[in-house]
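Scroll down for the structure; my scribbles are underneath it.
All chains are named by letter (A, B, ...) in the order of the sequence lines, taking the proteins before the strands, and each is independently numbered beginning at 1. Values below: every heavy atom of this structure, side chains too, minus hydrogens, waters and symmetry copies.
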Amino acid sequence: MKSSRVLLWLAFGLSPALVLALSPNAYQGGRSRSAADRNARNSSAIAVMLGEFRTSMSDLLFVKTERYLDSGIAYMPHIDDHLASVQAETAELAEHHHDAEHGHVEETGHVHGPDCDHGHDDGHADEAPHAEGEFAGTPTIIRTPEDDFRGFIGWLHREVKPWRDPRLGHEHTDGTELLPWYRMMTMADPHNIRGYAIGAWWLTDHSPEEAVRFASEGVENNPEAFQLHLILGRVLYAQANAILADTGAGQTQIAPIIDRAIASFRRGAELAIAQRPPGGYLDPGDSGWDESLEEDALASARMAVLLLENHGDLAEARRLASDYTQVFGVDYVLERHAAAPVSPEPHH
Amino acid sequence: MIATIPVTPARAMSLIGRGVFIELLRRKDAYVLLVLVGLHALAVLTVSIVGVQNPATGTFLLNLGLTLTHFASHLLVMLLAVRQIPAEIDGRTLYPLLAKPIERRTFLLGKWSACTACGAGALLLMVVLVWVPAPKLEAYSLGLLAQALALQTVSLGLVAAVSLLLSLLVPRGVALVAVCLTVFLGDKVASLSAAQAADSPFERPLRWLLAYVPDFSKLDLFTRLTDGIAPLSVAAFTGLAAWGALCTAAALALSAHLFERRAL
């Protein structure tokens, strides 16, 4: 009897070793996390009826940050496949905007071609209030006076709750107050990839070092999430640029950071290729690989190639571009680099 | 001469269990929770008849229903278990029971097994209520459903054990709040606390220490099920079930220790 008690307490004493090794809810993908599924849910009448619970019960913190971002105004879901990607949500990181008509590449790895129908400001989040018309037409949860059958009650509702005429577009706030929410989001759920990605992006402007630390924590908790390798590469690159701008340091001083960024982009691209179905987002199977994931995968590949090229390793850049082209098929940036002659001079 | 019928531990447990079941039927808690789940089922049935617009919405509704089931069954077991011993002491019904004689350990085990069985029964009923009318437009692994139900039952047993333990330590209201917080927010609080010590030498010891607080989210596979993920490996499933059983046994052993030393 006594020995069985001792055995029980001994086993209980060692039980953390077992439970810490088991994480049944840490997995890649899943319908509740898929941007395409989220859009489908959000577009249904049931989601509208359920209001706050429209995305999923575990996504409430994200809805909260969305509200903060929109100055407290509740809009109908309006994030499409493109905007759902980490790449698009963090597109405003780009410091050097190129002429879209010429099909140049931003630091983000996104290509603006002649057929590109979105501008630089179409990321969901921004630092400064947008120009009139940004997301104009996205209906608000509280109806406009013209559509509202409730008369005085409707007027009162618009007066006491944050509301803005949807025809005027969104008024986005500074993201500073959002940072604790992202911290809480990722502390509560260390597998919240979107929380890590967007939180790291917001942090970049305030402190690139903190952003790198936050993104690294995300990668550590989710080593298979290629989007986090992409964002880590991006914040590392932003950190290198910040050092260049603030201290006037030379290329050699930022070389270790750039090398780490390249490694991160390459790792992201490798993971994305391993997870991507053969047909990408057009694959007929039920892989859950949507346009936003495809865009993030391409961004990782492009950034790895571009940074390698910009920092002198042209042969490796060309080889990588050629490899990635075989996987992703037609892509303007990758094809251009795969075909480029190897020149000894790096260009910046 | 009065004939005494010997009370075997099994018979004692079954009689105690019957008492718990009758109490469950007499109180409103189970009905309120069942009505809540029933309303959800009715709403889902209506939506299914009208037509669900896309498979993702169907899955969302199923997830909502299963989450509600998880919440309701756990709440039911907490409400039931947390009042068992204090109510028997307050109503002085414990004394004739122990005078039978029934060992305190048997009494405790009877209460625990009855609470767990009531919770498992309610869970099964509610899962049927949620599963049958839900529009199943996407594939869900039946193997994982079986694993999820098995681990939910382990989780209910653990909730019952922790509730009984806390009801011996603190007043029942406080015990109920503490169990509620542990079950529904325990993993979040533990994660937040561990994150405070991130990158410090205390991180690992703190994580180890916090792992003694049962993480009920590890026993909830419903979101994994609706996410379309494959069943757990045999090793992972067995590991989780063993961990749940171990925590339950530890909570029951501690409860028995406290109960046996308690002056009545």
If you count the non-hydrogen atoms of other residues, nucleotides and ligands that lie under 6.0 Å from CZ in B/F202, is the total more than 12? no

Counting heavy-atom pairs under 4.5 Å to chain A, which of B/V189, B/I229, B/D187 comes out on top? B/I229

List the steps, then state whether side-chain contact (heavy atoms from CB on, under 4.5 Å) holds for A/L18 with B/L240. CA-CA 8 Å; A/L18 177 65; B/L240 283 169; over 6 Å; no

Honestly, the part of B/T59 sitting under 4.5 Å from a heavy atom of chain A is side chain

Given heavy-atom pairs under 4.5 angstrom as the criterion, report whether the side chain, backbone, both or neither of B/L232 touches chain A. side chain

Heavy-atom cut-off 4.5 Å, strictly under: side chain, backbone, both or neither for A/A17 against chain B? both

Grab the two heavy atoms, one from A/A11 and one from B/L246, that are nearest each other, plus how far apart they are. O-CD2, 3.4 Å

Between A/W9 and B/L254, is any pair of side-chain heavy atoms under 4.5 Å apart? yes

B/G239 to A/L22 - nearest heavy-atom pair and separation: C-CD1, 3.6 Å

If you measure from CG on A/L14 to CH2 on B/W208, what distance do you get to the nearest 0.5 Å? 6.0 Å

Is B/T226 close to chain A through its backbone or its side chain, or both, or neither, when contacts mean heavy atoms under 4.5 Å? backbone

Atom of B/L221, atom of A/P24 and distance for their closest heavy-atom approach: CD2-CB, 3.6 Å

Keeping A/N25 on the side-chain end and B/D220 on the backbone end, is there a donor-acceptor pair under 3.5 Å? yes

Within a reach of under 6.0 Å around CD of A/E220, are more than 12 heavy atoms found that belong to other residues, nucleotides or ligands? no

Where the side chain of B/Y212 meets the backbone of A/G13, is there a donor-acceptor pair that is under 3.5 Å apart? yes

